[in-house]
There are 2 protein chains.
Amino acid sequence: MEKYSSALDGVFVALADPTRRAVIRRLGQGPASVGDLAGEAPMTLPSFMKHVRMLESSGLISTSKAGRVRTCELNRNRFGLINDWLGDQKAIWRERTDRLEQFVTKEDKS
Amino acid sequence: MEKYSSALDGVFVALADPTRRAVIRRLGQGPASVGDLAGEAPMTLPSFMKHVRMLESSGLISTSKAGRVRTCELNRNRFGLINDWLGDQKAIWRERTDRLEQFVTKEDKS
DNA sequence: CCCACACTTAACGCAAGGGCTAAGTATTTG
DNA sequence: CAAATACTTAGCCCTTGCGTTAAGTGTGGG
């Protein structure tokens, strides 16, 4: 149970901030430089960079530097982790529902 | 854009901890008392209670007290928030893919 | 070669998260 | 009614998160 644990920690922490979700939303449309991304955020560059690094260490984005510009890109596959977790959770609900139905059926018989 | 912002903050923060995800997993099988839930967590009761309160304030669970026992229950509908957010994100990817295809098609024609 | 540009590093302040112990409250239960 | 049960509150500690300013590094353009 609860495999992917530490990876999920990072992903959920990364998604728990509006600034970072905005970055992810923006990167959904394609890669962008740190400067471009920071332009939309109401904070100084060093502060914004911390968000970028957190997103990168969570695996949700990757970045690379060319010249003096660092470009950020979304790692779409990383979102599979959330999908899977959500799927697992729903599976548990389904099992329970099944057992409840079984229970109801048994009660009906007796 | 980015409606639900503050609600998502709370939900993602709540999910960012293994102890809390374990509680959610357990509650997927049905309601349980704080005591029962705490039994599986490697920490003292007061510490555990903080997790419960955080889960409740995020809206992922609700609790109610009967006598001296507080019972916790999952709010499955709250998970729709994550589903929707994930859906929005995928929609953005799809739009981009569509535009890319359009672009490729145009290039083909010329 | 010098300066502007695009980060990057360092150092700090404050609030919140996650854990603990100790003591308190409110219900049973014997 | 006394004692056990099931939380609850209060207070403390340490780490991490999020923001700041100030100064530094490396590239690119004039």
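Lettering follows sequence order; numbering is per chain, from 1. Everything numeric here is computed off the predicted structure, so don't read it as measured data.
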Revision key, fill the gap. When rounded to whole Å, the CZ to P distance for the pair A:R53 and D:dG17 reads 13 Å
Check your understanding: Below 3.5 Å, does any donor atom in the side chain of A:K50 face an acceptor in the base of D:dG17, or the other way round?
Key -> no
**Study point:** For atom NE2 of B:H51 and atom C1' of D:dC7, their distance in whole Å
**Key:** 16 Å
Review point. What pairs of residues pass the ring-ring contact (aromatic ring centres under 6.0 Å, His included) test when at least one of them lies in residues 49-84 of chain A, not counting sequence neighbours?
Key: A:F79-B:W93
Point to revise | Protein-nucleotide distance (B:R70, atom CZ; C:dA26, atom C1'), rounded to Å | key: 12 Å
Practice item. Please determine, for the side chain of B:R68, which listed nucleotide (C:dG18, C:dT29, C:dC5) has the closest atom? Key: C:dT29
Exercise for review: Using atom CZ of A:F48 as one end and atom P of D:dG19 as the other, report the distance to the nearest whole Å.
Suggested key: 11 Å
**Study point:** Distance in angstrom units between B:F12 CZ and C:dG17 C1', rounded
**Key:** 19 Å
Exercise for review: Using whole Å, report how far CG of B:L15 lies from P of C:dG17.
Suggested key: 15 Å
Practice item. Just compare C:dT27, C:dC20, D:dC7 and give me whichever is closest to any side-chain atom of B:V69. Key: D:dC7
Point to revise | Sequence-distant partners of B:T63, side-chain hydrogen bond (donor to acceptor under 3.5 Å, both in side chains), two or more places apart | key: B:E56, B:R70
Exercise for review: Mind calculating the distance between CG (A:L45) and P (C:dT9) to the nearest angstrom?
Suggested key: 13 Å
Exercise for review: State, with a plain yes or no, whether a side-chain heavy atom of A:I24 is found less than 4.5 Å away from one of A:L55.
Suggested key: yes
Exercise for review: Rounded to the nearest 0.5 Å, what's the gap from CZ on B:F12 to CD1 on B:I82? Could you check?
Suggested key: 6.0 Å
Practice item. Measure from the side chain of B:M43, starting at C-beta and using heavy atoms only, and say which of C:dC20, D:dT8, C:dA10 lies closest. Key: C:dC20
Point to revise | B:T44 vs C:dC20: side-chain N/O to OP1/OP2 distance below 4.0 Å | key: yes
Check your understanding: Between A:D17 and A:P46, who's closer to the 5' end of DNA chain D by nearest nucleotide?
Key -> A:D17
Practice item. Round to the nearest Å and state the distance from A:R21 atom CZ to D:dC18 atom P. Key: 12 Å
Study note, to complete from the structure: Output for pair (A:L60 CG, A:L15 CG), nearest 0.5 Å, gives 5.5 Å
Check your understanding: Counting side-chain heavy atoms from CB outward, which of D:dT21, D:dC7, D:dG17 is closest to A:M54?
Key -> D:dG17
Point to revise | Of the listed nucleotides C:dT8, D:dG17, D:dC7, the one nearest the side chain of A:K65 | key: C:dT8
